[in-house]
Amino acid sequence: MSGTTAPPSDFAVYRTLVRWDWLREMKRKSTLISMGMMGLITLFLFSFAIPLTSDKADVLVDTRAGILWVTFLFAATIGIDRAFRNDAESGLLEGLLLAPISRPTLYYARVTSTLLFIVALQVVLLVLFLVLFNQRLEGEGLWGLIAATLATDIGFVTIGVMISAMTWSLPGGDVLLRILLFPMLLPIFNVAVEITDRAFEGQAPLTKHLGMLFAIDVLFLGAGHLLFEHLVKDSGGRP
Amino acid sequence: MSDAVPSAAPGTAGLDWRKGALPGLRGPSRGFVVHALAALAALLALNWLVVTYAPLEIKMIGSSYLIFFYHLPAAISMGILYTAMMVFSVAYLRTRRPVWDRRARSAAEVGFLANMVLLVTGSTWAKAAWNVWWVWSDPRLMSAAVMSLIYLGYLMLQGAVEEPQRRRQISAVYGTLAFINLPVVHYSIQWFGQTSHPMKFDSMSTASIIDTKRFALFAFFLLYAVIYRWAYDRTTRTERVEDALQRIRRIEERSQT
């Protein structure tokens with residue numbers, strides 16, 4: 001034991017935390033499987049909720065962007081809900097909070113790992129959606145959708161992780177998470193559906209839309225950076 | 001003990017209503033009554049002005065415009081109360097003094113009430129003018145509705161967290177987040193649909209309408225302030241009793257071990 005080793009930098013801690021989250025999830029896959037199942041079930045629900053016969057093809061053209069995003073939202077919320085719950089149940093979270101890790105580092109690490117899970121989920125769900133609903137995405141539309149989805153996910157996860165930190169320890173916290181989170185996400189959801197709608201038509205997103213997503217991301221990330229600390233401070237070790 | 005009055009139970013020290021610890025427990029204070037009566041009188045006077053002084057019909061939209069005298073004060077009060085709630089939440093996060101949390105909660109409650117008044121009067125007007133109660137594509141209607149959902153979430157949070165300190169902390173953070181989100185809600189929704197929400201009619205700049213509008217603002221500010229005061233007293237009272245209950249429990253636990 002030398003005792004004189006310098007503490008690791010914030011970035012090293014961040015990298016380790018993200019890697020740890022990812023490796024553990026790859027081993028257990030419980031969150032990814034729950035999210036994927038939820039997404040698949042939502043897609044099936046939509047196939048019953050709207051008429052998909054060939055003479056009513058217009059209905060699907062009008063609703064496909066919304067269907068995709070409602071599916072993403074329902075599935076991804078499971079991942080958001082587990083951002084802290086898993087660690088808390090295994091007692092790891094207490095250790096993390098006692099360790100000399102700066103709160104923003106912990107926040108960014110959780111945002112990144114949750115984002116990774118959600119992006120992995122979306123790739124699978126998007127392919128499933130295109131196949132099951134017989135849709136095509138190509139050219140500018142596809143790239144536009146990818147850029148917009150990433151920007152939307154960042155907004156979604158930055159605020160989601162905050163609310164997850166508020167609700168995981170509460171009785172009925174999983175329901176409360178959705179009640180608190182969904183209204184906050186409506187604006188970003190609105191923009192995402194608009195962009196996706198254009199993407200299915202093969203059009204690139206408007207600068208106005210991407211700019212708005214970017215502005216929202218910066219705003220939410222800043223809010224998370226400043227406020228996350230307050231959620232884990234003097235709370236008896238609980239975030 | 002010769003005194004007929006029993007001494008205070010352990011843990012309840014400081015809970016004496018005679019010293020103002022439990023505001024409103026023995027009925028409202030005189031100041032509150034005066035304030036409430038003034039608000040009531042102003043509201044009655046406003047109704048009288050609306051019926052007798054302001055023109056009963058104006059060009060284009062007829063008499064349905066009269067609801068504007070109730071709608072506009074609700075919109076402005078909501079803005080003020082939600083802003084105040086954010087300021088109180090930030091003050092709580094900085095100082096950790098429970099009084100800021102009580103203020104934030106009360107402001108959120110009354111702000112939500114104003115938000116509901118805004119939606120109901122707006123929706124009633126829409127029925128008169130557009131012949132539908134609700135238009136999903138109208139940005140102003142939608143942003144007001146989304147705001148109400150966000151603040152309803154805040155109010156639900158109050159009942160969901162048992163431990164007071166934790167509740168204050170979560171509420172303050174959520175309250176700040178909610179406010180940060182308001183411009184996002186407002187602008188993102190405005191950018192999409194074209195609103196048919198009337199902002200101003202040329203025929204509305206007559207002196208009698210402007211006078212009535214000013215008086216309406218005054219009357220409703222008075223009213224929302226009374227409700228805020230009532231909400232704050234009630235929150236304070238509940239919290240003091242809860243604190244005492246916690247103290248009593250702790251004493252009990254200690255005596256058992």
Side-chain angles (χ1 to χ4, degrees), chain A residues 155 158-195 197 206 208-209 211-213 215-224 226-239, chain B residues 86 89-96 100-101 108 112 115 136-137 139 141-193:
Chain A
T158 43
I159 198 123
V161 167
M162 286 292 289
I163 295 186
S164 182
M166 291 177 196
T167 55
W168 73 262
S169 64
L170 308 177
D174 51 341
V175 179
L176 197 63
L177 171 90
R178 287 157 177 86
I179 292 176
L180 298 181
L181 182 61
F182 287 176
M184 291 256 192
L185 290 177
L186 283 173
I188 215 171
F189 190 79
N190 190 8
V191 188
V193 170
E194 201 80 12
I195 294 178
D197 212 25
L206 297 176
K208 171 174 108 169
H209 292 161
M212 196 189 298
L213 284 181
I216 294 175
D217 288 352
V218 171
L219 196 67
F220 284 177
L221 206 60
L226 291 174
L227 292 172
F228 182 71
E229 188 185 355
H230 291 287
L231 282 177
V232 287
K233 206 156 67 178
D234 40 271
S235 55
R238 292 185 310 161
Chain B
M86 184 275 293
S89 295
V90 172
Y92 175 76
L93 289 177
R94 293 187 74 92
T95 63
R96 303 279 154 158
W100 291 115
D101 169 69
F112 181 73
N115 200 334
W136 285 103
S137 59
L141 222 56
M142 283 310 287
S143 50
V146 173
M147 279 179 207
S148 76
L149 288 178
I150 291 178
Y151 283 87
L152 190 61
Y154 177 90
L155 297 181
M156 283 193 67
L157 203 51
Q158 305 304 316
V161 197
E162 276 196 14
E163 193 192 324
Q165 200 189 345
R166 185 87 189 116
R167 191 199 62 223
R168 291 184 197 123
Q169 222 171 19
I170 294 180
S171 307
V173 172
Y174 184 81
T176 316
L177 273 183
F179 188 81
I180 291 174
N181 214 352
L182 287 193
V184 175
V185 169
H186 188 76
Y187 290 109
S188 71
I189 298 178
Q190 306 285 305
W191 274 12
F192 286 101

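Because the structure is predicted, anything quoted here is derived from the model rather than measured. In what follows, chains are A, B, ... by sequence order, proteins preceding strands, each numbered from 1.
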Legend entry - Greatest number of heavy atom pairs closer than 4.5 Å to chain A - which of B:Asn181, B:Val161, B:Leu152: B:Asn181
Inset, instruction - Pick whichever of B:Leu149, B:Leu157, B:Leu177 has the most heavy-atom pairs under 4.5 Å with chain A. - result: B:Leu177
With a 4.5 angstrom heavy-atom cut-off, which part of [X] approaches chain B: side chain, backbone, both or neither?
X: A:Leu227; result: both
X: A:Ile159; result: side chain
X: A:Phe182; result: neither

For the residue pair [X] and [Y], what are the closest heavy atoms and their distance?
X: B:Ala160; Y: A:Pro171; result: O-CD, 4.2 Å
X: A:Ile163; Y: B:Tyr174; result: CD1-CE1, 4.3 Å
X: B:Arg166; Y: A:Ser169; result: NE-OG, 4.3 Å

Legend entry - With A:Asp217 via side-chain contact (heavy atoms from CB on, under 4.5 Å) - residues at least two apart: A:Ala151, A:Ile154, A:Ile188
Inset, instruction - Check whether B:Ala145 gets within reach of chain A through its side chain, its backbone, both or neither, counting any heavy atom under 4.5 Å. - result: neither
State the [atom1]-[atom2] distance between [X] and [Y], to the nearest 0.5 angstrom.
X: A:Ile216; Y: B:Ile180; atom1: CD1; atom2: CD1; result: 13.0 Å
X: A:Met184; Y: B:Leu182; atom1: CE; atom2: CG; result: 8.5 Å
X: A:Leu170; Y: B:Glu163; atom1: CG; atom2: CD; result: 10.0 Å

Inset, instruction - Please test A:Leu186 against B:Ile150 for side-chain contact (heavy atoms from CB on, under 4.5 Å), starting from the C-alpha separation and ending with a verdict. - result: CA-CA 10 Å; A:Leu186 283 173; B:Ile150 291 178; over 6 Å; no
Legend entry - A:Arg178: salt bridge (Lys or Arg N to Asp or Glu O under 4.0 Å) partners, not counting sequence neighbours: none
